[in-house]
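Every number for a ligand or one of its atoms is a count from 1 in the order of the listing.
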Amino acid sequence: MEKITLPKGTKDIGDPEIFIWYHVENIVRLEAAHYHYIELRTPLFEHTELFARGVGEETDIVQKEMYTFLDKGGRSVTLRPEGTAPVMRSYLEQSFHIHNPRMKYFYMGPMFRYERPQAGRMRQFHQFGFEAIGFQSPAADAEIILLADRIYKKIGLKNIRLEINSLGCRKCKPQYLETLKNYLRNQAAQFCKNCSNRIETNPLRVLDCKNESCQNILHNESFPIIQNFLCDECRTHQNHLIGILESAQIHPVINPYLVRGLDYYIKTTFEMKTEELGAQNAIGGGGRYDNLSDALGVKGIPGVGFAAGMERIILLLQKQSESKAFFQKPFIYLSPLDQQGENVLLKLSIVLDEKSIPFYLDFSDKSLKYHFKNAQRMDASFIIIAGENEHQTKTYTLKNLLSGEQKVVSQKTLIGDLLEAYQNVKNT
Ligand code: HAM
């Protein structure tokens, strides 16, 4: 029979890469706790309508990328392609807008989009995200960006560019869209097929097109950019946000072409980008979505948030740092020579666990040579060998794999010796 392989666009994450994931996840959880954003775990699938209405019928996500199917009860459900609409759904469903309208959430987990897979673009990928719901102030936008910046820095990422834009609000966006459509209609023949189709349905998405001839038209001097259409309220909001960021030594670049692929944004949008990952250069993005609650049936709940792609962060971290630094290794490799040795070392492992000393216990059906090689491969600091003899004499053979020193130690003194050695290794 043929072997069964992974579905395209998915991957197994295990030894050694998983240690980098732990590093990232630990920092995200810690920062969420510092800023008091509370974790919300929403289901992996939702009613399809949530994303159709929340993310927007005309978006690529809804039109082309969703994993949608009928369940056995004939209901249309969708594997979540993103986390913001589910968070807002949960907030509204639990009537927080009535009882406790100001909520700060964080989430971390898999998302699903049927995209063409390539490095940094997966069909099952992972995001961590933060959402502040119920806050109008641009200071909330600033907190979200600051939090993202803190996390990227603590993870150890370098050379990240923050781009921001404003998409205007209910007052100024319609006028911009009309001007944009007129401009695009006049040039329709020169755009790619995709863009010409979008002029009437979702003209903002034309700004995202990577096609060279479309880019040339978009970067023409006469092209109308949203920044020139912002109303006083939107301009003040943006200036206030930039002022706070600048005072925190974060220097955003205004990119008037940054429109993002989800329809719920108004006012602030932003993206964190890197030059080191080729085409998949966004390692996070977000913005303000004061219209999302309207699309889900409750008027006027403001919100702002961001989400980051874990796979892209890990790829970048692998490029920028020594991956080995994140590996967790066993301090002691336990090598039993026979069944008696196994019994002795299993008991010892319980004591090591109580003292929080990391160990790896192998079993006795391999040669001593194999165990030494394996212990070195795992980068253990010590190896303990035990068999019938050690069981009789109540001793262990302990070898320091770094210095080569080998000695026989009594069961009584072993733990004290190891604890001291472990503390020394931890402190260096
Ligand atoms: P998004 O820009 O669609 O925004 O996704 C956020 C991040 O997820 C991207 O910047 C990228 O790093 C990662 N990402 C997206 N698609 C893939 C993929 N196919 N493979 C690997 N990584 C991917 C959102 O999802 C919004 N919900 C963000 C947000 C939160 N806005 C407000 N609050």
Within a distance under 4.0 Å of any heavy atom of [X], pick out the atoms of ligand 1 and give their elements.
X      : value
Met122 : 18 (C), 19 (N), 20 (N), 21 (C)
Tyr265 : 26 (C), 28 (C), 29 (C), 31 (N), 32 (C)
Leu262 : 3 (O), 4 (O), 24 (C)
Gly309 : 7 (C), 8 (O), 12 (O), 13 (C)
Ala282 : 10 (O), 11 (C), 12 (O)
Thr84  : 26 (C), 27 (N), 29 (C), 30 (C), 31 (N), 32 (C), 33 (N)
Glu131 : 30 (C), 32 (C), 33 (N)
Gly285 : 10 (O), 28 (C), 29 (C)

Scan Arg80, Arg53, Arg89 and name whichever one has a salt bridge (Lys or Arg N to Asp or Glu O under 4.0 Å) with Glu46.
-> Arg89
Sorted by first residue and then second, give each ring pair (Phe, Tyr, Trp, His ring centres under 6.0 Å) pair with at least one member in residues 32-63; sequence neighbours left out.
-> Tyr37-Phe130
Report the member of [options] with the shortest heavy-atom distance to [atom].
atom                    : options                        : answer
atom 3 (O) of ligand 1  : Glu82, Arg260, Arg113          : Arg113
atom 14 (N) of ligand 1 : Phe125, Tyr105, Phe112         : Phe125
atom 26 (C) of ligand 1 : Phe270, Tyr107, Tyr264, Tyr289 : Tyr264
atom 10 (O) of ligand 1 : Ala85, Pro86, Gly9, Gly284     : Gly284

Using side-chain contact (heavy atoms from CB on, under 4.5 Å) as the criterion, point out the one residue from Ile357, Leu345, Ile383, Leu398 that pairs with Ile332.
->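 Filter result, single survivor: Ile357.
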Would Lys324 count as a cation-pi partner of Phe327, with NZ or CZ less than 6.0 Å from the six-membered ring centre and within 45° of the ring normal?
-> no
Phe135 six-ring face occupied by Lys104 cation (under 6.0 Å, within 45°) | yes
[X], any N or O under 3.5 Å of ligand 1 N or O:
X      : answer
Ala307 : no
Gly83  : no
Arg121 : no

What do we get for Ile283 next to ligand 1 when only non-hydrogen atoms under 4.0 Å count, side chain, backbone, both or neither?
-> backbone
Test item: Arg113 and Met122 side chains (from C-beta on) under 4.5 Å apart, heavy atoms =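 The answer is no, as the side chains (C-beta and beyond) never meet within the 4.5 Å cut-off.
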Taking the side chain as every heavy atom from C-beta outward, state whether Leu317 and His23 have any atom pair closer than 4.5 Å.
->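 A side-chain contact under 4.5 Å exists here.
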In plain terms, say whether Asp232 and Arg235 are close enough for a salt bridge, that is, a side-chain N and a carboxylate O under 4.0 Å apart.
-> no
Begin from the C-alpha positions of Tyr289 and Thr84 and carry the test side-chain hydrogen bond (donor to acceptor under 3.5 Å, both in side chains) through to its verdict.
-> CA-CA 9 Å; Tyr289 46 86; Thr84 310; 5.6 Å; no
Under a heavy-atom criterion of less than 4.0 Å, does Gly261 contact ligand 1?
->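 Outside the 4.0 Å threshold, so no.
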Test item, Gln127 contacting ligand 1 (heavy atom, 4.0 angstrom) =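 Contact check Gln127 vs ligand 1: positive.
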Verify the neighbour count for atom CZ of Arg121: are there more than 12 heavy atoms of other residues, nucleotides or ligands below 6.0 Å?
->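 Correct, the count exceeds 12.
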Quick one: sort the Tyr91 and Phe96 rings into parallel, tilted or perpendicular, breaks at 30° and 60°.
->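 The arrangement is tilted - the two ring planes meet at 30° to 60°.
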